[in-house]
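Some notes on the structure that comes next.
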Amino acid sequence: MVDYHALAQKYGTPLYLYDFDAIASQYTKLKEAFSARKSLVCYAVKANSNLSVIKHLVDLGAGCDCVSIGEVRRAQLAGAPGYKIIFSGVGKRDDEIREALERDILMINLESEAEMERVEMIAQEMGICARISVRVNPNIDPQTHPYISTGLHANKFGVDEDTAKRIYIKAKNSPHLDPVGIHFHIGSQLTQLDPIKEASEIVANLVRQLQALDIQIRFFDVGGGLGIDYEGEKLIEPYDYAQAILGTLSGLDVTIMCEPGRFLLGNSGEFLTRVLYEKVNGDKRFVIVDGAMNDLIRPSLYNAVHRITLLEPQGEATPASVVGPVCESGDFFAKDIPLPPTKHDDLLIVESAGAYGFTMSSNYNTRPRAAEVALQNGEDRLIRKRERFDELIADEIDFINLTNQ
Ligand SMILES: *Cc1c(COP(=O)(O)O)cnc(C)c1O
C-alpha cells in the first residue's frame, strides 16, 4: 500500500507519482505479445520524458521514439543506444536533422517529400547515407478524440501512399538515403482494433509493392496509440493487438516496431493534490485544490476524464467540481463528480496521470512545476525536484537589472 500522506509530507504537493513496477509490467506484456517475431518497442518519449522514466524503460530493453532533438538527447542521456532511437515529427529543423544524423540514430521518419529533400541535402553535405522511413497516412479514422487522431488525410501527419512510393523510389536512387523502414501512427487512446488492422494491411501491401521495386523494408513500425483505462473503456489486449498486426504481415521478413507512450505510462502514474478550500456558488459546489491545469492540462485541453479519489472519505457524496487556482474557467480536473465533503489539507488522487501529464505542464500563473517521484519495490525516490521560483525568473532577472542602471 502506498502511504500517500507520508509522500505528501515528504515531497510536498502537487506531486506526480509513477509506479515503476507497473511500467515494467506493461512493457513486458507488449514485448511478449510480439514474441513470434523480431520486435523493438520504442517508448514514445513525449508521453513522459523524465530521464529516470526513460532510463527505466531503456534498462528493460526499450528503444525510444522521439519527436524533437531534445527528446533524442534525453534518450541518449538515459542510455538508449543510437540504433534503438527513431526521430519522427512533421516539422524537423535543419539543425535537428543534422544532429540526428551525427548521432547515427536508427532512422529518421520522413513526413513529407520536402523533408526528404532536406535530409538528402544535409546527408550529402555530411558525406553520409541517412537511414530513413516514411510515415504513411493510411486515411483511416481511428475513432478517437479529434485532437489525438492523426491517420486521416485531413490531419497534418504523414503522406499518402502514392507520395510515399515516390519518396521510396527517390530514396532508393539517392546515394545519400537508405530507405529501411515504414511507419504509420493513426492516433492515440485507440480502443478499436479494426482501424489498426486496416491501416496495417494498407501499409503491409505497400511494403509488398516496394519489394517488387527491389526496395527492401526492414522495419515495420506500427506507431503507438494503444488506449488505457481512464473511465472504464473496453481496451485492446496487447495479445490481440499483436495478432491483428502479425496477421497482415505474412510473407514479409520485417522487424516489428511499435511506439507506445500512454500504454506504458498512463495508468502507472497518479497526480496527488491537496484540498485548499470548498465553496458553493449558487447551487454549484467547488473543491479548490493546489494542483491546476498548468500541472495536468488533459481535462482542460481534451475534456479528458480522470478518476479522482478522496483519501479517507467521510460523509455523503454530492456533486462537486474539482478546480485549481489558475485564473481560467477552463482550469478544472473534473466537473460535477460525486465527492464526499472535503476539508483543508485532504488529499485527492487524480488517477491515470502518468502520460501527457507532467510533459504538458507549464509555468502559467508563475506556478513552479510539480515534483516527480518513482515508486519501485515498495520504495519511493525523487526523480525530479519541485521547481523553484528562482529558476522561473533566472532567464529574465538580468534584463531588469540592466534597465534599472
Ligand atoms: C504520440 C506518438 C506516439 C505515442 O502515442 P501514445 O498514444 O502515447 O501511445 C507514437 N508515435 C508517434 C509518431 C507519436 O506522435
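Heavy-atom basis, side chains included; hydrogens, waters and symmetry copies ignored. Numbers here simply count residues along the sequence, with the first being 1. Order of listing sets the numbers, starting from 1, for every ligand and every atom in it.
Protein heavy atom nearest atom 8 (O) of ligand 1, with residue, atom name and distance: Y356 OH, 2.5 Å. Protein heavy atom in closest approach to atom 1 (C) of ligand 1: K46 NZ, 1.2 Å. Protein heavy atom in closest approach to atom 9 (O) of ligand 1: G225 N, 2.8 Å. Of the protein's non-hydrogen atoms, S188 OG, 2.2 Å is the one closest to atom 7 (O) of ligand 1. Closest to atom 12 (C) of ligand 1 among all protein heavy atoms lies E259 OE1, 3.4 Å.
By the 3.5 Å distance cut-off applied to N or O atoms, G223 is not counted among the residues near ligand 1. For ligand 1, one of its N or O atoms has an N or O atom of R262 under 3.5 Å away.
Counted by atom type alone, E387 and N363 present one or more donor-acceptor pairs between their side chains at under 3.5 Å. N50 and R384 are not linked by any side-chain donor-acceptor pair at a separation below 3.5 angstrom, with hydrogens and angles left out of the test. With 3.5 Å as the limit, one finds no donor-acceptor pair spanning the side chains of S362 and N294.
The pair E115-K92 counts as a salt bridge, with a side-chain nitrogen and a carboxylate oxygen less than 4.0 angstrom apart. Using a 4.0 Å cut-off between a side-chain N of Lys or Arg and a carboxylate O of Asp or Glu, D162 and R166 do not qualify as a salt bridge.
Aromatic ring pairs are classed by plane angle as parallel below 30°, tilted from 30° to 60° and perpendicular above 60°; the pair H306 and Y230 is perpendicular.
Below 4.0 Å from some heavy atom of P260 lie the following atoms of ligand 1, by number and element: 9 (O). Using a 4.0 Å cut-off to heavy atoms of R135, the atoms of ligand 1 that qualify are 13 (C). Short contacts between ligand 1 and G261, defined as distances under 4.0 Å to a heavy atom of the residue, involve ligand atoms 6 (P), 8 (O), 9 (O).
Contact annotation: for L190 versus ligand 1, there are no heavy atoms closer than 4.0 Å.
Pairing each heavy atom of S361 with each of R369, the nearest pair is O-NH1, 2.8 Å. Across all their heavy atoms, F87 and A100 have their closest contact at CD2-CB, 3.6 Å.
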